[in-house]
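Please read the structure below before turning to the comments.
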Number of protein chains: 2
Amino acid sequence: MTDGLTIGQAAAFVGVTIKTVRHYHRLGLVAEPERDGSGYRRYRSDELYRLVQVRTLAAAGVPLAEVGDLLDADPTTFAATLDDVHDQLTERIEDLTARRDRLHRLDHGDRALLPDRACAVLERLVELGFGPDYVAAQREALVLALALVPAIFDSFLARLEHSLDDPESVELTKRGWDARTWDPDDPRIEELASTLADKLLTQRALLAMPTGFEDQSDAASRYAMVNHHREDRSPSIARLNTLVEANLRAAGVTVPSQ
Amino acid sequence: MTDGLTIGQAAAFVGVTIKTVRHYHRLGLVAEPERDGSGYRRYRSDELYRLVQVRTLAAAGVPLAEVGDLLDADPTTFAATLDDVHDQLTERIEDLTARRDRLHRLDHGDRALLPDRACAVLERLVELGFGPDYVAAQREALVLALALVPAIFDSFLARLEHSLDDPESVELTKRGWDARTWDPDDPRIEELASTLADKLLTQRALLAMPTGFEDQSDAASRYAMVNHHREDRSPSIARLNTLVEANLRAAGVTVPSQ
DNA sequence: CTGCGGCCTTGACCCGAGGTCAAGGTCAAC
DNA sequence: GTTGACCTTGACCTCGGGTCAAGGCCGCAG
């Protein structure tokens, strides 16, 4: 015949922490019990019962904000609310599962941020004798393209694959990469730009924008951002790109700028 | 040849909000870009690239606190960390799924906080003519028992089921419930207590504590808390219980007290 | 009678990943 | 010159509690 349990005992009995019990009091989910002469809370079975109800619902994933209404609701509302919570939990589970799957796909070394097909292209670059710096630059460009212009990522990749099948293109690309160390005023840059533009014009079909992409309002800026990535690290490359674009425009090709 | 994107453009390009970009800056995940004359941040492709990296990992469920180290780590560490994150995500998914399943079991009207077998017993009470108040009191007692003394919940339930099979027990129980409206000094209470105790003693086997339960240090208090639930609402019932317990003790049965 | 350890009280701040609000500066267009 | 869209910083909010701090209450030991 005691006058009730202390908060520590009550918490232990229903399997929560003291802090949690006080939290429920503050949220109004469990009424404050009587206090004894020292100001200690003293719990009777009524409060214990309520505590068990709250803990059971909370453990089942019902947000505390809804537990109070739920326990005071009629059975129909009760069931409907539980259905809601059930659906929300399902949604969160599916979201987390999707994240985990994405993570799983990222989980194998180099294919960190890119799909398999893009990784294969990067490996071909290594086999073809491109240096690690060039491969790294291409990787960055591909990551950027995938994120900024996913709609044309595949055609971007196709153009790259196609040019790697052509030894002449490979040679020109290597020479273009070498240009990064040249002086920006080196006359070889203009010559190289002209050759590169001619080469590109032989594959005119590949230069066309995929349908459905042009009408995206900022498509051009996004595309330009990918094309000019890392350009600021080498003024010679920047000049080379500018000249190639000018040549292409002169030949009637639409090249996004700005 | 612009001097970079504003924060709103950069955020839109990589598919996050402005707030998120600034959040990444504050966490040191993406370096602050140069500012223009007005103090606006101006993003170049370098920062965009980094932003894409961070967003990709974050979207895959990597905690932001680990993203920074991850992007600066060697491939081995990279893979190991991703594995860790993968496992943590799996754990959270399993936890949420367990909650959802618990919720699903709670989701059917009356079987809110109790297993099916207990709900069946409550329905039998209704069929046997017990009033809603009595049924509600029994439900509370069962919920409390399930939470406080799960180890003996089954035997608790078995005792209840067994007594419902015996019409004489049912009659006595109804009479005990009627006692709640009597005066606490009514002499019929003593008489009823004696009859009830006799009845209980004919089922002595059911009174024994299940093995493995006695040695739990606070088992007795927990058990008493269930037994005396709601007693404070009727002094007559309290007196009846006390007398029954005294009778049982006199007959050599160990009854938890305090 | 005093100290010690263990329980209780309140209050304030912390986590993650940003969202929201407020007050003010900047820019381009009308 | 004014409007509306954008930018800046800063402070406070989420959810379910955990952790820390300063102090009161209790029983037991010397």
Side-chain angles (χ1 to χ4, degrees), chain A residues 2-30 32-43 51 54-68 70 85 88-89 91-92 95-96 99 217-218 221 258, chain B residues 2-30 32-43 47 51 54-70 85 88-89 91-92 95-96 99 217-218:
Chain A
T2 156
D3 47 349
L5 306 175
T6 67
I7 194 172
Q9 292 172 309
F13 277 24
V14 308
V16 298
T17 69
I18 293 178
K19 243 354 206 185
T20 300
V21 175
R22 290 204 274 244
H23 194 51
Y24 292 168
H25 287 322
R26 206 147 48 80
L27 295 182
L29 299 179
V30 179
E32 288 270 0
E34 306 263 316
R35 308 288 184 123
D36 65 13
S38 326
Y40 289 13
R41 295 177 179 87
R42 288 296 180 167
Y43 292 83
L51 211 43
V54 174
R55 186 216 55 176
T56 304
L57 291 177
V62 181
L64 294 188
E66 296 182 36
V67 167
L70 199 51
V85 174
Q88 282 169 23
L89 279 181
E91 200 176 321
R92 288 205 49 201
D95 178 52
L96 282 184
R99 281 167 183 245
S217 71
D218 47 11
S221 335
Q258 217 273 350
Chain B
T2 158
D3 46 350
L5 306 175
T6 67
I7 193 171
Q9 293 171 309
F13 277 24
V14 307
V16 298
T17 69
I18 293 178
K19 235 8 202 181
T20 300
V21 176
R22 290 205 274 244
H23 193 51
Y24 292 168
H25 286 322
R26 205 147 46 81
L27 295 183
L29 299 179
V30 179
E32 288 270 0
E34 306 265 313
R35 308 287 182 124
D36 66 13
S38 328
Y40 288 14
R41 295 177 178 86
R42 289 294 181 169
Y43 293 82
E47 287 101 17
L51 211 42
V54 173
R55 187 216 55 175
T56 304
L57 291 178
V62 181
L64 295 187
E66 296 180 37
V67 167
D69 292 344
L70 200 50
V85 174
Q88 282 169 22
L89 279 181
E91 199 176 322
R92 286 202 50 198
D95 179 52
L96 281 184
R99 280 166 183 246
S217 72
D218 48 11

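Proteins come first, then strands; the chains are lettered A, B, ... in the order of their sequence lines, and each starts at number 1. It should be emphasised that the depicted structure is a prediction, and the values quoted were computed from it without experimental measurement.
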What are the two closest heavy atoms between Pro63(B) and Val85(B), and how far apart are they?
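Looks like CD-CG2, 4.1 Å.
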
Identify each atom pair where a protein N or O and an N or O of nucleotides 6-13 of chain D are less than 3.5 Å apart, giving names and distance.
| from | atom 1 | to | atom 2 | distance (Å) |
| --- | --- | --- | --- | --- |
| dC7(D) | OP1 | Thr6(B) | OG1 | 2.8 |
| dC7(D) | OP1 | Gly8(B) | N | 2.6 |
| dT8(D) | OP1 | Arg41(B) | N | 3.1 |
| dT8(D) | OP1 | Arg41(B) | NH1 | 3.0 |
| dT8(D) | OP2 | Arg22(B) | NH1 | 2.6 |
| dT9(D) | OP1 | Arg35(B) | NH1 | 3.4 |
| dT9(D) | OP1 | Arg35(B) | NH2 | 3.2 |
| dT9(D) | OP2 | Arg41(B) | NH1 | 3.2 |
| dT9(D) | OP2 | Arg41(B) | NH2 | 3.0 |

To the nearest Å, how far apart are [X] [atom1] and [N] [atom2]?
| X | N | atom1 | atom2 | answer |
| --- | --- | --- | --- | --- |
| His23(A) | dG17(D) | NE2 | P | 6 Å |
| Leu64(B) | dG19(C) | CG | P | 12 Å |
| Leu29(B) | dG18(C) | CG | P | 10 Å |
| Leu89(A) | dC15(D) | CG | C1' | 14 Å |
| Arg42(A) | dC7(C) | CZ | P | 14 Å |
| Leu96(B) | dG16(D) | CG | C1' | 14 Å |
| Arg92(A) | dT14(D) | CZ | C1' | 13 Å |
| Tyr24(A) | dC15(D) | OH | P | 14 Å |

Is there a side-chain contact between Arg92(A) and Arg92(B) (heavy atoms, below 4.5 Å)?
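Heavy-atom side-chain distance check passes, below 4.5 Å.
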
Name the one of Arg42(A), Lys19(A), Arg41(A) that satisfies side chain to side chain contact (heavy atoms under 4.5 Å, CB included) with Ile7(A)?
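Per the side chain to side chain contact (heavy atoms under 4.5 Å, CB included) rule, the option paired with Ile7(A) is Arg41(A), out of Arg42(A), Lys19(A), Arg41(A).
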
Please determine which of Val62(B), Val14(B), Val30(B), Val21(B) meets the side chain to side chain contact (heavy atoms under 4.5 Å, CB included) test together with Val54(B).
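Exactly one option meets the side chain to side chain contact (heavy atoms under 4.5 Å, CB included) with Val54(B), and it is Val30(B).
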
Toward the 5' end of DNA chain C, by each residue's nearest nucleotide, Gly61(B) or Gly37(B)
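In this pair, the answer is Gly61(B).
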
At how many degrees, to 10°, do the end axes of the helix from dC1(C)-dG30(D) to dC30(C)-dG1(D) meet when each uses five pairs?
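Terminal axis comparison yields 40°.
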
From [X] atom [atom1] to [Y] atom [atom2], the distance as rounded to the nearest 0.5 Å:
| X | Y | atom1 | atom2 | value |
| --- | --- | --- | --- | --- |
| Ile18(A) | Gln9(A) | CD1 | CD | 10.0 Å |
| Thr20(B) | Leu29(B) | OG1 | CG | 11.5 Å |
| Leu51(A) | Phe13(A) | CG | CZ | 12.0 Å |
| Leu89(B) | Asp95(A) | CG | CG | 10.0 Å |

Does CD in Glu34(B) sit with more than 12 non-hydrogen atoms of other residues, nucleotides or ligands closer than 6.0 Å?
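Result for CD/Glu34(B): open.
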
